[in-house]
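Structure record follows, encoded as structure tokens.
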Amino acid sequence: MKIALYGIPASGPLKLWLPYEGPSHDHHNHDNNNNDSNNDNNSPDASHWFDDTIILCEANEKRPDDACKLDRDLKITVGNVMPTHIEMIDGAGTYLNRKTCLHVPVPPGAKITKLGNLRKNNGDALTDADKKRLTAATATATATATAGGGGGQSKNNNNHNHDNENDDDYDDNAVGLEVILEASSTVSRQAGACCVSHIV
């Protein structure tokens with residue numbers, strides 16, 4: 001199934017949680033050291049866990065010239081930090097002469113967020129069902145919106161060396177990168193809402 005998400009200012013922020021899916025490794029040099037498991041301000045730098053780039057793409061569809069452009073009309077926060085240099089991708093990221101994919105660097109100071117510390121837009125904690133959706137096993141790793149408490153799909157392989165977890169379970173200590181997208185005030189449904197169909 002192909003999914004594209006559309007948003008205008010009234011939609012509010014779209015929250016995505018990208019789970020870390022690399023190999024397990026020793027964390028004793030960079031785990032939280034203040035024994036406050038709910039404080040993500042002291043969590044490890046995202047650059048330790050993730051590559052230095054995120055790619056966002058809109059759907060391949062015919063859109064008017066004044067429709068939302070990802071590099072112009074989308075406010076992006078990565079790990080609680082706004083990237084300072086984003087740019088559209090040429091070549092493969094072009095459809096009908098429109099650039100559709102955006103290069104977003106993981107900014108210095110960006111932090112990972114543990115699954116157990118994620119919050120909905122209204123500040124509520126995620127339910128068990130939300131967490132299970134975010135860590136569900138899939139053939140291909142994907143992340144889907146958590147805006148308003150929705151879920152996503154991805155097999156999280158970082159369990160602090162806890163392997164072979166039951167697919168029906170989740171680990172509140174699993175780490176991921178929170179990405180928040182919000183349409184600027186100039187975006188309108190009539191001109192063309194912001195659209196996101198892929199994030200890598």
Side-chain angles (χ1 to χ4, degrees), residues 1-21 40 46 50 53-61 63 66-89 93 95 98-107 110-127 129-136 138 140-154 156 174-200:
M1 176 189 299
K2 295 182 179 180
I3 296 176
L5 305 172
Y6 294 82
I8 58 175
S11 305
L14 169 67
K15 292 184 177 181
L16 304 164
W17 186 69
L18 310 181
Y20 172 74
E21 296 179 317
D40 276 319
F50 292 89
T53 298
I54 296 171
I55 304 298
L56 284 172
C57 295
E58 64 183 25
N60 286 343
E61 60 187 10
R63 309 197 78 200
D66 55 351
C68 170
K69 289 185 170 59
L70 299 182
D71 62 334
R72 182 192 67 194
D73 301 313
L74 200 61
K75 177 183 176 183
I76 303 171
T77 305
V78 178
N80 294 320
V81 179
M82 291 184 66
T84 57
H85 181 68
I86 60 176
E87 59 184 357
M88 300 301 292
I89 298 173
Y95 181 77
R98 179 182 170 93
K99 294 179 181 179
T100 60
C101 291
L102 180 67
H103 171 278
V104 181
V106 176
K111 303 292 184 182
I112 56 91
T113 301
K114 292 184 178 181
L115 177 64
N117 294 344
L118 287 173
R119 293 292 181 269
K120 301 179 184 180
N121 284 343
N122 63 6
D124 290 348
L126 301 187
T127 65
D130 293 332
K131 294 175 183 178
K132 288 177 181 179
R133 282 195 297 271
L134 282 169
T135 56
T138 58
T140 303
T142 61
T144 305
T146 61
Q153 296 179 329
S154 186
N156 187 296
V175 301
L177 186 61
E178 190 171 47
V179 178
I180 302 175
L181 310 175
E182 192 166 5
S184 71
S185 60
T186 59
V187 174
S188 68
R189 188 188 309 273
Q190 293 75 21
C194 294
C195 170
V196 175
S197 63
H198 299 82
I199 182 167
V200 181

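Just so we're clear, the structure is a prediction, and the values are computed from it rather than from any experiment. Heavy-atom basis, side chains included; hydrogens, waters and symmetry copies ignored.
- For the pair D73 (side chain) and T186 (backbone), a donor-acceptor distance under 3.5 Å is absent.
- The main-chain N or O of K69 is never found under 3.5 Å from a side-chain atom of R63 such that the two would form a donor-acceptor pair.
- The shortest side-chain heavy-atom distance between P19 and L134 does not fall under the 4.5 Å cut-off.
- No donor-acceptor distance shorter than 3.5 angstrom exists from the side chain of S184 to the backbone of L74, with no hydrogens or angles considered.
- Shown here for I55 and C57, the closest heavy-atom pair between the two residues is CG2-SG, 3.9 Å.
- Judged as a side-chain contact (heavy atoms from CB on, under 4.5 Å), and not counting sequence neighbours, the contacts of K99 are M88, D90, T94.
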Go through it in stages, so that I can follow the logic: the residues are K120 and L126, the test is side chain to side chain contact (heavy atoms under 4.5 Å, CB included), and I'd like the CA-CA distance, side-chain angles, deciding distance and then a yes or no. CA-CA 6 Å; K120 301 179 184 180; L126 301 187; 3.8 Å; yes

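- Annotation: the span from K114 atom NZ to W17 atom CH2 amounts to 11.5 Å, rounded to 0.5 Å.
- Between P107 and T84 the shortest side-chain heavy-atom distance does not fall below 4.5 Å.
- Residues V187 and G192 come closest through the heavy atom pair CG1-O, 4.0 Å.
- Between C68 and C195, the sulfur-to-sulfur (SG-SG) separation does not fall under 2.5 Å.
- Smallest separation of non-hydrogen atoms from I112 and F50: CG2-CE1, 3.8 Å.
- Contact between A59 and S197 at its shortest, heavy atoms only, is N-OG, 3.3 Å.
- To the nearest 0.5 Å, atoms CG (L16) and OG1 (T77) are separated by 11.5 Å.
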Output, in order, the C-alpha distance, side-chain angles, deciding distance and verdict of side chain to side chain contact (heavy atoms under 4.5 Å, CB included) for L18 and I54. CA-CA 10 Å; L18 310 181; I54 296 171; 4.3 Å; yes

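- Taken from CZ in R72 to CD1 in I86, the straight-line distance is 12.0 Å, to the nearest 0.5 Å.
- Each of I89, V200, L56 was compared with C101 under the side chain to side chain contact (heavy atoms under 4.5 Å, CB included) criterion, and only I89 meets it.
- To the nearest 0.5 Å, atoms CD1 (I76) and CD1 (I180) are separated by 11.5 Å.
- With values rounded to the nearest 0.5 angstrom, I199 atom CD1 is found 10.5 Å from L5 atom CG.
- Of the possible donor and acceptor atoms, one in the side chain of T127 sits under 3.5 Å from a partner among the backbone N and O of D130.
- One distance of note links OG of S188 with CD1 of I8; it measures 8.0 Å at 0.5 Å rounding.
- Other residues, nucleotides and ligands contribute only 12 or fewer heavy atoms inside 6.0 Å of the NE2 atom of H198.
- Of the possible polar contacts, one joining the T100 side chain to the G93 backbone as a donor-acceptor pair under 3.5 Å is found.
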